[in-house]
Amino acid sequence: TAMRMIDERPAEVEDRLQAGHWEGDLIMGAGNRSAIGTLVERTTRFLILLPFTEGVATTEGVRHAITAAMAELPAGLRRTLTWDQGKELALHQQITTATGTDVFFCDAHSPWQRGSNENMNGLLRQYFPKGTDLSVHTVEDVVRIAAELNDRPRKTLGWQRPADLVAAATAVLNSNDGHTLLYTNGGPLTSNLLAHAGIDRRIAPEDRRADQGQGHELEDRASVHDGVARGVRRWVGDARSAVGRRTDAAAARAVVDAA
């Protein structure tokens, strides 16, 4: 099937001024017999992890995993996906048809063209060491790890959390029918966007424990990726709830200060 190359991507992907552009890859386990998919949103650095508890990440498995995860995001947050030329994304046209996400491919042997994703993959090796069997990690494990990283303040984001920025982007999209370019003056999704979404960045973020969930480990592919989809919903929902709590706290503090 025809591939669209990275130089065909819209200009707004490169400048990181519009949310909804993703980079993706697989991190491999021992002997390339297991894998976990990684999706990183370029502007917010929001992370989605895709477990393959059955072992090898087949083309059909990768298609299903990406489609299930992306389907839980607003249309304005699933604009493009950039991948390397691995055969695991052979069904990219089906992903585009199902999600509306345009898929682009890096030049051969050019991992730096997915820089945010490569940096995240390096960080993830703290949780998923090289030379280990990645299929032993349950859906609950993977959702917990992604939630932990999405709740971690990032220097490159002005010490904001990826989960909060996705919530802010979602609020902006909802208020503008999903068509707004998220331009800011102070860097990617900084004070202007956060203020538009009602977030006071001066309020210290609350500690929030990731919901590790209950119940049995999900084994079949559909259940696994449905679990990840639920995780995406929960991450965004939790972040938006936290935003509301912080805004309420700021208002209450203003009343006390005025008194």
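- Of all heavy-atom pairs between D84 and E88, the closest is OD1-OE2, 3.6 Å.
- Between the side chain of R78 and the backbone N or O of M70, at least one donor-acceptor pair lies under 3.5 Å.
- The backbone N or O of A146 lies less than 3.5 Å from a partner atom in the side chain of N150, making a donor-acceptor pair.
- Counted by atom type alone, D25 and T38 present zero donor-acceptor pairs between their side chains at under 3.5 Å.
- Annotation: side chain of N117 is not in contact with side chain of W22 (no heavy-atom distance under 4.5 Å).
- Rounding to the nearest 0.5 Å places CD of Q18 at 3.5 Å from CZ of R79.
- In this structure, the side chains of T44 and L77 stay at 4.5 Å or more apart for every pair of heavy atoms.
- Side chain of E118 to main chain of W112: no donor-acceptor pair is present (N/O by atom type, distance under 3.5 Å, no hydrogens or angles).
- Summarising the geometry, atom CZ belonging to R154 is positioned 6.5 Å from atom CZ belonging to R45; distances are rounded to the nearest 0.5 Å.
- Panel note: side chain E8, backbone M5; a donor-acceptor pair is recorded below 3.5 Å.
- No donor-acceptor distance shorter than 3.5 angstrom exists from the side chain of R114 to the backbone of P111, with no hydrogens or angles considered.
- A heavy-atom distance below 4.5 Å is not found between the side chains of H92 and R4.
- Under the 4.5 Å side-chain criterion, counting only non-hydrogen atoms from C-beta, F52 is in contact with V62.
- For the atom pair CZ of R33 and CE of M28, the computed distance is 10.5 Å after rounding to the nearest 0.5 Å.
- Applying the side chain to side chain donor-acceptor pair (under 3.5 Å) test between T99 and each of T101, T96, D102 identifies T101 as the sole match.
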Can you give me every donor-acceptor pair (side chain of residues 103-110, partner residue at least two apart or in another chain, under 3.5 Å) with its distance?
from	atom 1	to	atom 2	distance (Å)
D107	OD2	Q113	NE2	2.9
S110	OG	A108	O	3.1

